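We number each residue from 1, following the sequence as shown. What you are looking at is a predicted structure, and each value in this text was computed from that prediction instead of being measured.
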Amino acid sequence: MGGYAESVRERVRAARAAVATAASVDDAYALAVAQDELDDALRIAHNIGIDPGPDPDRGSGPGSQSGAPA
């Protein structure tokens with residue numbers, strides 16, 4: 001499953017980048033679309049047991065807490 005796992009991780013990375021870009025330009029529609037894509041990619045990764053990699057906005061991995069209040 002190596003190639004498939006990497007393609008799922010790449011989909012998550014691309015979606016995270018799209019969310020960040022949309023947020024930085026304050027585009028509400030693009031942000032909603034990008035967030036939906038990210039949610040879908042993370043759901044797929046979770047359902048098949050793939051670690052999607054670290055989320056640069058949340059710390060070192062999925063579900064990790066940075067110690068700051070949400």
Test of understanding: with salt bridge (charged side-chain N to carboxylate O under 4.0 Å, His left out), list the residues that count as partners of R13, not counting sequence neighbours.
E6, E10

Show every salt bridge (Lys or Arg N to Asp or Glu O under 4.0 Å) that has at least one partner inside residues 21-33, sequence neighbours left out.
none

So how far is it from I50 CD1 to Y4 OH, rounded to the nearest 0.5 Å?
6.5 Å

Identify every side-chain donor-acceptor pair in residues 36-43 under 3.5 Å, counting partners at least two apart or on other chains, and give the distances.
from	atom 1	to	atom 2	distance (Å)
E37	OE1	R11	NH2	3.2
E37	OE2	R11	NE	2.6
E37	OE2	R11	NH2	3.4
D39	OD1	Q35	NE2	2.8
D40	OD1	R43	NE	3.4
D40	OD1	R43	NH2	2.3
D40	OD2	R11	NH2	2.6

Check: R9 side chain, G53 main-chain N or O, donor-acceptor pair, under 3.5 Å:
no

Which heavy atom in V8 sits nearest to a heavy atom in A45, and how many Å separate them?
CG1-CB, 3.7 Å

Could I get the full list of side chain to side chain contact (heavy atoms under 4.5 Å, CB included) partners for A17, not counting sequence neighbours?
none

Is it true that a side-chain atom of T21 and a backbone atom of A18 form a donor plus acceptor pair closer than 3.5 Å?
no

